[in-house]
Amino acid sequence: MTAPDQYAGVRYLVDDVQACVDFYTTHLGFTLGRDAVPAFADVVRGPLRLLLSGPASSGARATPADAAAPGRNRIHLVVDDLAAEIERLRGEGLAFRSEVVAGPGGRQILLADPAGNLVELFQPAAATA
């Protein structure tokens with residue numbers, strides 16, 4: 001495993017660390033890094049290290065109560081075929097938080113992890129000559 005300082009890290013505060021580990025590793029292609037469930041775990045996908053901090057973790061304890069709820073920020077995962085990913089994830093019983101939105105840069109859809117943190121699946125627009 002690559003050293004943690006080689007990743008871009010994002011911390012998500014979660015109520016159930018194991019449920020979130022299962023979500024990211026089962027559905028979104030992450031691998032488990034450090035496992036200190038129920039307080040903390042991290043999962044890795046490419047250069048992204050997602051720190052999942054439960055209520056007992058130091059990361060959660062350091063967070064002011066008025067900033068502990070999931071926000072409008074989200075991680076952004078690039079996929080090759082958005083339609084196929086949507087079909088696969090719906091087949092696994094996941095529900096989406098938005099419809100597909102298209103813009104000049106590509107298409108995207110949102111889903112939420114078990115703690116309510118948003119995950120954006122994004123398919124870039126085809127490059128034009």
Side-chain angles (χ1 to χ4, degrees):
M1 183 171 175
T2 305
D5 64 351
Q6 299 298 308
Y7 296 112
V10 174
R11 183 181 307 277
Y12 270 172
L13 302 181
V14 303
D15 296 326
D16 184 335
V17 174
Q18 187 62 58
C20 289
V21 167
D22 294 344
F23 174 83
Y24 287 101
T25 59
T26 300
H27 302 296
L28 298 177
F30 283 77
T31 58
L32 179 62
R34 176 171 289 186
D35 182 352
V37 172
F40 172 84
D42 67 3
V43 292
V44 175
R45 178 177 162 170
L48 173 61
R49 178 177 177 233
L50 187 57
L51 299 97
L52 304 169
S53 297
S57 71
S58 59
R61 291 192 323 264
T63 304
D66 65 350
R72 296 171 51 110
N73 297 316
R74 56 191 179 244
I75 61 171
H76 170 97
L77 303 177
V78 175
V79 299
D80 293 328
D81 185 339
L82 186 60
E85 281 297 300
I86 292 168
E87 182 177 338
R88 179 182 70 80
L89 293 169
R90 281 194 174 134
E92 294 175 2
L94 298 184
F96 289 87
R97 296 290 313 271
S98 72
E99 296 299 321
V100 173
V101 175
R107 300 177 325 123
Q108 63 184 271
I109 194 168
L110 300 177
L111 67 150
D113 73 11
N117 296 300
L118 294 176
V119 176
E120 176 184 324
L121 302 178
F122 178 79
Q123 180 180 348
T128 57

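Predicted model, so just to flag it, every value in this text is computed and none were measured.
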- [ ] May I ask you to check whether Y24 and D113 show a side-chain donor-acceptor distance below 3.5 Å?
- [x]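 Side chains of Y24 and D113: pair found under 3.5 Å.
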Open item on the list: Using side chain to side chain contact (heavy atoms under 4.5 Å, CB included), reason through V101 and R107 one step at a time and then give a plain yes or no.
Closed with: CA-CA 6 Å; V101 175; R107 300 177 325 123; over 6 Å; no
Return yes if some donor-acceptor pair links the side-chain N/O of [X] with the main-chain N/O of [Y] below 3.5 Å, else return no.
X	Y	result
S57	G54	yes
Q123	L82	yes
N117	V119	no

Open item on the list: Would you compute the distance between atom CD of E92 and atom OG1 of T26 and round it to the nearest 0.5 angstrom?
Closed with: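 Here the rounded value is 8.0 Å.
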Task: Atom pair CG (L50) and CZ (R45), whose distance is rounded to the nearest 0.5 Å - done: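 If I round to the nearest 0.5 Å, the distance is 11.5 Å.
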Out of [options], which one pairs with [X] under the side-chain contact (heavy atoms from CB on, under 4.5 Å) rule?
X	options	value
L52	F30, F40, Y12	Y12
L28	V43, I75, V79, L77	L77
L121	L89, V78, I86, V100	L89

Task: Same apolar cluster (I L V M F W Y, side chains within < 4.5 Å links), F122/L118 - done: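 Not linked; separate clusters.
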- [ ] Taking only Lys NZ, Arg NE, NH1 and NH2, and the carboxylate oxygens of Asp or Glu, determine whether R34 and D42 approach each other closer than 4.0 Å.
- [x] no
Open item on the list: Check this for me, if you would: do E85 and R88 make a salt bridge, where the nitrogen-to-carboxylate-oxygen distance has to be below 4.0 angstrom?
Closed with: yes
